[in-house]
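Read the structure below first, then the notes.
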Amino acid sequence: QVQLVESGGGLVQAGGSLRLSCAASGRTFSGLDMGWYRQAPGREREFVAAIRWNGGSTYYADSVKGRFTISRDNAKNTMYLQMNSLRPEDTAIYYCNAGRVLSGTFYPYDYWGQGTQVTVSS
């Protein structure tokens, strides 16, 4: 079992930046692949980014590639999402999760946190 707590969301103007954090406890964090998802009102939850357990490989949705950067600090049991050049369409609740990367695809486990709201104004 893994407990996940997201933080760092807020209200920002278009073009601005935010840094999200995901603090993990429970199961050994350093052995887990991790990912970020988001869900906008009226839309399904969608994949944003993922990172291998050792930070060696990262994966991004096309919509955020070049603007968002995923990273992790296994000593702090924490994962991050640096979001730059934010757009109104990035507005959503952002969730982190543990999972597995297989053949370049991230498959989340069912360890969803409560999420953190990101709102980008135009």
[X] vs [Y] side-chain heavy atoms within contact, under 4.5 Å:
{"X": "Thr119", "Y": "Gln117", "value": "yes"}
{"X": "Arg87", "Y": "Arg67", "value": "yes"}
{"X": "Met79", "Y": "Ile70", "value": "yes"}
{"X": "Lys76", "Y": "Phe29", "value": "no"}
{"X": "Leu20", "Y": "Met83", "value": "yes"}

Can you pull out every ring pair (Phe, Tyr, Trp, His ring centres under 6.0 Å) where at least one residue sits in residues 32-88? Sequence neighbours excluded, please.
Tyr37-Phe47, Tyr37-Trp112

Hey, any chance Val64 and Val12 share a hydrophobic cluster, counting ILVMFWY side chains that come within less than 4.5 Å of each other, even indirectly?
yes

Minimum heavy-atom separation for [X] and [Y], please, with both atom names.
{"X": "Leu4", "Y": "Ala24", "result": "CD2-CB, 3.7 Å"}
{"X": "Leu32", "Y": "Arg72", "result": "O-NH1, 2.8 Å"}
{"X": "Gln114", "Y": "Ile93", "result": "O-CG2, 4.4 Å"}
{"X": "Ala49", "Y": "Leu81", "result": "CB-CD1, 4.3 Å"}
{"X": "Thr78", "Y": "Ala23", "result": "OG1-CA, 4.3 Å"}
{"X": "Ser122", "Y": "Ala14", "result": "CA-CB, 4.4 Å"}

Dump the intermediate steps for side chain to side chain contact (heavy atoms under 4.5 Å, CB included) on Leu86 and Leu18, then the final yes or no.
CA-CA 8 Å; Leu86 283 162; Leu18 283 173; 4.2 Å; yes

Pairing residues for Ser7 by the side chain to side chain contact (heavy atoms under 4.5 Å, CB included) criterion, not counting sequence neighbours:
Ser21

Partner residues of Gln82 under the side chain to side chain contact (heavy atoms under 4.5 Å, CB included) criterion, sequence neighbours left out:
Ser17, Arg19, Thr69, Asn84

Nearest-0.5 Å distance, [atom1] of residue [X] to [atom2] of residue [Y]:
{"X": "Ser121", "Y": "Gln13", "atom1": "OG", "atom2": "CD", "result": "5.0 Å"}
{"X": "Arg38", "Y": "Glu44", "atom1": "CZ", "atom2": "CD", "result": "14.0 Å"}
{"X": "Ser57", "Y": "Ile51", "atom1": "OG", "atom2": "CD1", "result": "9.0 Å"}

For the pair Asp62 and Lys65, find out whether any cationic side-chain nitrogen is under 4.0 Å from an anionic carboxylate oxygen.
yes

Could you name each residue pair satisfying disulfide (SG to SG under 2.5 Å) that touches residues 58-93, not counting sequence neighbours?
none

Any disulfide (SG to SG under 2.5 Å) pairs touching residues 60-89, not counting sequence neighbours?
none

Which side-chain N or O atoms in residues 95-109 pair as donor and acceptor under 3.5 Å with protein atoms at least two apart or in another chain?
from: Asn97; atom 1: OD1; to: Tyr111; atom 2: N; distance (Å): 3.4
from: Asn97; atom 1: ND2; to: Tyr109; atom 2: O; distance (Å): 2.5

